[in-house]
Every structure is written in C-alpha cells, then in structure tokens.
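For the numbers below, each heavy atom of this structure counts, side chains included, while hydrogens, waters and symmetry mates do not. All residue numbers in this chain count up from 1 along the given sequence.
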Amino acid sequence: MASHFALFVDLENCGGKKSMLMDVIERVKIRGDILIGKVYGYTDSYSDLKETLLSNTFTVVPSLRFGRNQKNSMDIQLVIDALDVAYRNELIDSFCIVSGDSDYVPLVGKLKSMGKFVLGISRSEAASGVFMNACSEFQFLESVASGKERAAAAPVGEALTLSDVNSLIVTILGESDSGEMLASEVKSVLLRLRPNFSEKSVGFSTFGKLLSRLAQQFGDFSVASEQYNLIVSLNQAHSPAGEQITRDNYVSVFARILSEYKEDGFDRVNPSILKSAVQADYPDFTERQIGLRRFSDVLRALEREHLLTLETDEGGNMLVHIL
C-alpha cells in the first residue's frame with residue numbers, strides 16, 4: 001500500500017531551481033501519493049516554479065522580509081503547519097521535510113512519536129548531523145537530483161517516448177530496496193510520476209509487452225515470470241563502454257561529474273556524495289587505480305588541478321567547493 005505524504009519544502013535550502021524541486025517531488029512520488037505540498041520562502045524570483053507548483057497542487061508561504069528573524073518565522077510556520085496536519089489529517093502517515101536545519105529535530109521527534117514516517121532531504125553542505133540522525137530516513141539532495149535522467153525525458157504532460165519510460169522505470173527500480181518489483185507495482189508508481197502514461201500511447205497492448213521490449217532494447221532491467229507474477233529486476237550497473245578510471249583520465253572524469261553538479265545548482269558537496277556519484281558510473285573505482293591511497297588524496301590532487309577547493313564547515317567536516 002502506498003504511503004500518503006505531506007511534503008514541506010524550504011526553498012532556500014533546495015535552491016529554488018525547478019529541476020531540483022521536480023527531483024524532490026518525483027523521489028517522494030515513487031514512495032507514495034503527495035496529498036499535501038507546501039513551499040516556504042516563496043518570492044517573485046521563484047516565478048519559474050509556478051507551473052510545477054500548480055500542477056502538483058502546492059500552496060506557498062511567501063517570504064515577507066521584516067527585521068532579523070524572517071528566516072526563523074518561516075521555520076516556525078513550517079513546524080506549526082506540520083503539527084496541524086499531523087493532528088488533523090488522519091490520511092497522512094508520512095512527512096518529507098526538505099531542510100537540514102537542526103531546529104526541526106523536536107518536530108521530527110514529535111512526528112515519529114505519533115507513528116509518522118519522516119523523510120529528510122537536504123543539501124550536504126547545509127545538513128545538520130543531528131537532523132539527519134533524527135529522521136526515519138535521510139537523503140542528500142545531491143543524491144536525489146536526477147538531472148541526467150530528466151535531461152533525456154519528456155517534461156511532465158508531454159507524450160512519453162520509449163526512452164523516457166525506460167529512464168523512469170530505472171529510477172523507480174533504483175529506489176526500491178532490492179532493485180526488484182512486481183510489474184503491477186512499477187506501473188502504479190509510473191502513473192504517479194506521469195499520470196498521462198499509457199502503454200497504448202507508445203504502441204503496446206499490455207504493460208508486460210512494453211517491459212519486455214524495453215528490457216530487450218535498452219538492457220537496463222530484466223523481466224521474468226514467477227508464479228503467475230511478472231517480476232522486473234534492475235540489472236547491475238556497468239562502467240560506460242567498459243571504461244575504467246586510470247591515472248590518465250581521472251581528472252576529466254571528475255571534471256565532468258563536478259560540472260554536472262554545478263549545472264544542477266550545487267556549489268558545494270560532501271566528499272562522500274562525490275565518491276558515490278563516481279562509483280555509480282564506475283562501480284569498480286578505487287583510489288589505487290590512480291595511484292592514491294585515500295579519497296582525500298584524490299581531492300587534493302583535483303584541487304591542484306583547480307577543479308575544486310577544500311573547505312570545512314562549522315562542525316569541522318570537509319566540503320568540496322566546486323570551481
């Protein structure tokens with residue numbers, strides 16, 4: 001049974017970019033239905049978000065700047081709204097809070113004590129360790145962002161191609177615990193993400209026939225019958241064209257990945273996020289492949305190449321500042 005979410009977004013934390021907001025919405029929709037959506041800190045500078053907010057029935061809390069405590073008032077309003085929903089709306093069993101502020105820890109604790117699931121999402125540079133540990137589950141916004149998949153996919157509302165459907169299914173399977181789902185479950189999630197989807201619109205009489213064609217054409221997942229059920233399984237990732245990271249090409253590989261983060265609106269990322277992104281494209285990557293012992297050594301080498309600078313946050317944790 002799908003979860004019923006209330007989604008509260010601190011626009012300042014997620015950067016206010018349309019692509020980033022869509023990443024968050026799609027990640028939550030994979031898990032369940034968004035019954036209530038609200039964004040905080042809205043101003044005219046976020047006008048490009050209007051279509052996305054309206055099509056997902058979000059309400060906005062505008063940013064009215066007065067005095068020094070404007071940000072605090074937004075935080076307090078989010079807490080009040082979340083508690084109001086928790087007490088008044090029995091349909092809501094899950095909350096997603098897009099902010100890494102430790103001020104929300106008491107709210108998270110209260111929601112969990114009421115039996116609610118709490119998903120936290122935040123930029124790695126702004127995420128409080130206390131908030132991360134308090135949530136039922138926490139994800140970095142850099143990991144949630146799926147710009148590469150969306151770049152090839154049709155915008156919501158436009159007709160989908162086979163490539164679009166394949167990319168969406170790969171994303172859905174990647175979010176499951178095992179990388180494996182019933183075909184009926186995959187279709188239910190797909191319809192939450194793209195209500196205009198129909199297998200007939202892409203030329204197939206049944207969803208099973210569409211899955212078989214996608215598995216054969218793209219090879220990203222497999223389809224098998226098991227006790228009258230159709231099972232869809234994500235295939236193991238491979239390096240692009242069998243490529244490996246070497247001493248000769250590692251700078252260009254990291255430059256490309258850092259550039260993608262920059263284009264998505266991230267100026268700073270956590271080193272672990274960067275390493276995970278590299279291993280997503282090159283699963284066999286180790287530091288020893290390029291003659292180094294630790295990932296921190298890799299970062300310092302990239303710093304000498306003027307791709308990044310290394311910083312530390314208030315807690316003494318290392319951050320990668322992308323140049």
Side-chain angles (χ1 to χ4, degrees), residues 15 17 19-20 22-24 26-27 30 121 123-125 139-153 162-180 214-215 217-222 232-308 310 318-323:
K17 288 190 67 175
S19 61
M20 222 172 286
M22 279 304 305
D23 285 326
V24 170
E26 292 200 349
R27 182 60 58 95
I30 288 173
I121 299 176
R123 290 170 175 263
S124 61
E125 65 171 297
Q139 297 184 15
F140 288 116
L141 190 56
E142 293 92 328
S143 298
V144 171
S146 55
K148 287 183 287 185
E149 288 83 355
R150 181 175 298 106
L162 288 179
S163 178
D164 296 332
V165 178
N166 184 76
S167 295
L168 287 167
I169 292 175
V170 169
T171 300
I172 292 166
L173 292 172
E175 275 299 291
S176 66
D177 293 334
S178 62
E180 182 176 283
L214 294 174
Q217 181 170 336
F218 297 98
D220 294 318
F221 56 82
S222 304
V232 188
S233 305
L234 192 63
N235 290 336
Q236 186 174 359
H238 297 285
S239 301
E243 241 184 87
Q244 295 291 324
I245 296 183
T246 66
R247 297 186 189 193
D248 296 327
N249 69 6
Y250 83 93
V251 173
S252 62
V253 169
F254 276 86
R256 173 181 59 79
I257 293 172
L258 289 168
S259 176
E260 289 170 357
Y261 275 128
K262 191 79 171 179
E263 289 173 6
D264 280 340
F266 297 103
D267 293 321
R268 293 172 178 81
V269 297
N270 188 288
S272 63
I273 293 293
L274 178 57
K275 185 173 182 178
S276 295
V278 173
Q279 291 179 326
D281 286 347
Y282 301 87
D284 300 327
F285 167 72
T286 66
E287 292 83 351
R288 295 187 181 279
Q289 286 178 338
I290 54 179
L292 298 171
R293 295 180 59 188
R294 296 179 296 271
F295 194 64
S296 58
D297 297 329
V298 179
L299 295 177
R300 291 188 180 93
L302 295 172
E303 189 174 34
R304 291 192 292 272
E305 297 288 337
H306 306 292
L307 294 178
L308 55 85
L310 298 176
M318 184 183 289
L319 286 176
V320 174
H321 180 199
I322 304 170
L323 299 178

Residues Ile245, Ile290; criterion side-chain contact (heavy atoms from CB on, under 4.5 Å); working and verdict: CA-CA 7 Å; Ile245 296 183; Ile290 54 179; 3.9 Å; yes
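- Interatomic distance, CD of Glu260 versus CD of Glu142, reported as 13.5 Å (0.5 Å rounding).
- When atom types are taken as modelled, the side chain of Glu175 and the backbone of Arg27 share no donor-acceptor pair closer than 3.5 angstrom.
- A distance of 5.0 Å separates CG in Asp284 from CD in Gln244, rounded to the nearest 0.5 Å.
- Considering all non-hydrogen atoms of both residues, Ile257 and Val278 come closest at CD1-CG2, 3.6 Å.
- A donor-acceptor distance shorter than 3.5 angstrom exists from the side chain of Asp297 to the backbone of Arg294, with no hydrogens or angles considered.
- The two atoms that bring Ser222 and Asn235 nearest to each other are OG-OD1, 2.6 Å, heavy atoms only.
- Rounded to the nearest 0.5 Å, atoms CG (Leu302) and CD1 (Ile322) are 11.0 Å apart.
- Nearest approach of Phe221 to Ala215, heavy atoms of both residues: O-CB, 3.3 Å.
- Leu173 places a side-chain heavy atom less than 4.5 Å from the side chain of Ile169.
- Using a 4.5 Å cut-off on side-chain heavy atoms (C-beta onward), Gln289 and Thr246 make no contact.
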side-chain contact (heavy atoms from CB on, under 4.5 Å) between Leu307 and Leu323, intermediate numbers included: CA-CA 6 Å; Leu307 294 178; Leu323 299 178; over 6 Å; no
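- Under the 4.5 Å side-chain criterion, counting only non-hydrogen atoms from C-beta, Gln279 is not in contact with Thr286.
- When all heavy atoms are compared, the tightest approach of Leu310 to Arg300 is CD1-CG, 3.9 Å.
- His321 is not listed as a side-chain neighbour of Leu308, based on a closest heavy-atom distance of 4.5 Å or more.
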Would Phe218 and Ser163 satisfy side-chain contact (heavy atoms from CB on, under 4.5 Å), going step by step from the backbone distance to the final call? CA-CA 8 Å; Phe218 297 98; Ser163 178; 4.1 Å; yes
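- Summarising the geometry, atom OG belonging to Ser252 is positioned 8.5 Å from atom CZ belonging to Arg256; distances are rounded to the nearest 0.5 Å.
- Leu319 approaches Ser124 most closely through the heavy-atom pair CD2-O, 4.5 Å.
- In this pair, Phe295 and Phe254 present their aromatic rings tilted. The plane angle is within the 30 to 60° band.
- Between Val269 and Phe140, the closest side-chain pair of non-hydrogen atoms is not below 4.5 Å.
- You'll find the side chain of Phe285 stays beyond 4.5 Å of the side chain of Val253, heavy atoms only.
- The shortest heavy-atom contact between Asp264 and Met20 is O-CE, 2.6 Å.
- Contact check for Leu162 versus Gln217: side-chain heavy atoms found under the 4.5 Å cut-off.
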Working note: Leu214 + Asp220, criterion side-chain contact (heavy atoms from CB on, under 4.5 Å); need CA distance, chi angles, decisive distance, verdict. CA-CA 8 Å; Leu214 294 174; Asp220 294 318; over 6 Å; no
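- Arg123 and Asp267 are not joined by a salt bridge, as no carboxylate oxygen comes within less than 4.0 angstrom of a charged side-chain nitrogen.
- At a threshold of 4.5 Å between non-hydrogen side-chain atoms, the residues Ile273 and Ser143 count as touching.
- Glu287 and Lys275 are joined by a salt bridge, as a carboxylate oxygen and a charged side-chain nitrogen come within less than 4.0 angstrom of each other.
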